[in-house]
Amino acid sequence: MSHQNLAVDVEAIRDEFPILEREFDGQQVVYLDNAATTQTPDPVVDAMSDYYRESNANVHRGIHHLSQEASEAYEVAHDRVAEFIGADGREEVVFTKNTTESENLLAYSWGLNELEPGDEVVLTEMEHHASLVTWQQIAKRTGASVEYVRVDEDGRLDMDHARELIGDDTAIVSAVHVSNTLGTINPVAELTELAHEHDALSFIDGAQAVPNQPVDVKEIGADFYAFSGHKMAGPTGIGVLYGKRELLEAMEPYLYGGGMIRKVTFEDSTWGELPWKFEPGTPPIAEAVGLHAAVDWLEEIGMERIRDHEQELARYAYEQLESEGDVEIYGPEPGADRGGLVSFNVEGVHAHDLTSILNDHTVAIRAGDHCTQPLHDKLGVAASARASFYVYNTREEVDKLVAALDDARQLFA
Ligand code: PMP
């Protein structure tokens with residue numbers, strides 16, 4: 001079987017995802033929308049359901065047994081995530097709702113307080129709206145300006161342009177690690193180094209990186225790094241903002257309330273320890289348990305193998321689509337700097353129509369601007385179709401995607 005050539009035992013992995021057995025109109029679902037959200041394996045679902053069945057209580061170290069247990073589980077999840085991304089400990093791992101909230105936390109907490117007129121925020125043309133829109137708004141409110149590192153013809157960052165843009169006025173460089181539209185894996189360590197050479201900070205949007213390849217935040221050198229649980233075999237409702245301890249310590253909280261304070265009087269309040277200072281209110285406890293289980297699950301397979309598997313599938317999809325002749329593919333050629341997704345358009349067929357026809361074949365992909373409207377403007381298209389792969393996908397599923405394109409051509413082209 002062709003599966004045997006792949007980096008992981010896909011058959012065994014698929015057994016842990018009952019949802020992949022689902023059928024619509026007698027056809028088994030082909031799930032290729034993993035950049036939007038990944039499916040959740042049984043061990044993660046079980047960990048969350050065990051938590052609700054056996055340990056559910058509010059955290060913040062209540063006196064009773066259940067609260068002690070819930071608090072322990074919630075705190076240890078921070079340790080596990082810290083270990084997974086190479087952070088120095090739980091103090092550097094703030095749990096949020098998702099990548100978007102992590103970016104907003106940074107932009108409000110650091111950006112709103114630190115940016116001044118004359119400061120520059122350097123983004124890239126392939127940023128997701130989560131960072132692009134957020135920095136635009138914070139820049140407007142602080143008088144800072146926003147600059148964009150160009151994307152070249154091949155779908156890579158123009159690093160000469162980055163070197164031109166990043167200078168003494170740069171306050172922060174905010175770059176996506178892996179583009180959710182082009183699939184490009186960006187040289188984020190190099191961008192961080194450039195930022196640091198000019199005493200600027202670096203923020204990396206790792207929403208499409210942490211789920212799919214080994215990531216070590218200390219190796220990258222990033223000051224801040226964000227990702228979401230639901231794109232890495234974990235639950236929705238939880239995300240992570242990694243930050244260097246001394247930077248997080250110096251930052252003002254972005255949300256206020258219970259659980260994050262040290263001392264409150266009628267006049268004023270002081271803040272508790274990291275990371276709780278940034279996690280007011282009742283946090284996503286079951287979700288933290290699920291994220292912990294997801295990290296265990298991913299590491300048991302191995303992040304290198306997951307990356308290799310996805311890159312092989314993306315290469316196969318790229319080659320199959322390219323050989324069709326009427327398919328335009330965006331982003332770099334398959335290689336070490338391209339991750340596990342392929343965005344494309346079929347000549348004469350709108351991406352939404354294409355996706356709807358694929359849905360008739362129960363092939364699930366996404367059409368739209370993928371929250372990168374300015375990048376789509378630059379590509380000269382309003383929308384693209386995107387197939388994105390995860391560790392449980394197979395070559396046969398790619399074949400089904402490519403075969404279904406014929407129907408779309410017959411109907412629309
Ligand atoms: N950044 C990138 C690169 C993404 O792909 C996404 C999700 N599409 C986000 C940020 C936002 O993630 P979330 O919706 O989980 O906040």
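Counting starts at 1 for both ligands and their atoms, in listed order.
The residue from Phe278, Phe227, Tyr74 that alone fulfils the ring pair (Phe, Tyr, Trp, His ring centres under 6.0 Å) condition with Phe95 is Tyr74.
Any N or O atom pair closer than 3.5 Å counts here, and Thr100 shares at least one such pair with ligand 1.
For atom 5 (O) of ligand 1, the closest non-hydrogen atom on the protein side is Gln208 NE2, 2.7 Å. Scanning the protein heavy atoms around atom 10 (C) of ligand 1, the nearest turns out to be Asp205 OD2, 3.4 Å. Nearest protein heavy-atom contact of atom 4 (C) of ligand 1 is His128 CD2, 3.3 Å.
For ligand 1, the atoms lying closer than 4.0 Å to a non-hydrogen atom of Val176 are 3 (C). Close contacts of ligand 1 with Asn180, meaning ligand atoms under 4.0 Å from a residue heavy atom, involve 5 (O).
For the pair Asp152 (side chain) and Gly155 (backbone), a donor-acceptor distance under 3.5 Å is present. A distance-only check finds no donor-acceptor pair linking the side chain of Glu328 to the backbone of Glu347 [under 3.5 Å].
Residue contacts with ligand 1 for Lys97 are absent, since no atom lies close enough (heavy atoms, distance under 4.0 Å). Looking at Lys231 against ligand 1, only its side chain comes within 4.0 Å, counting heavy atoms.
Contact analysis leaves His370 out of contact with ligand 1, as no non-hydrogen atom separation drops below 4.0 angstrom.
Remark: the Ser384 side chain and the His370 side chain contain an N/O donor-acceptor pair separated by less than 3.5 Å. Under the 3.5 Å distance criterion, with hydrogens and angles disregarded, a donor-acceptor pair is assigned to the side chains of Ser55 and Glu69.
Note: Tyr392 and Trp297 fail the aromatic proximity criterion, with ring centroids not under 6.0 Å apart.
Summarising the geometry, atom CG belonging to Leu165 is positioned 11.0 Å from atom CG belonging to Asp160; distances are rounded to the nearest 0.5 Å.
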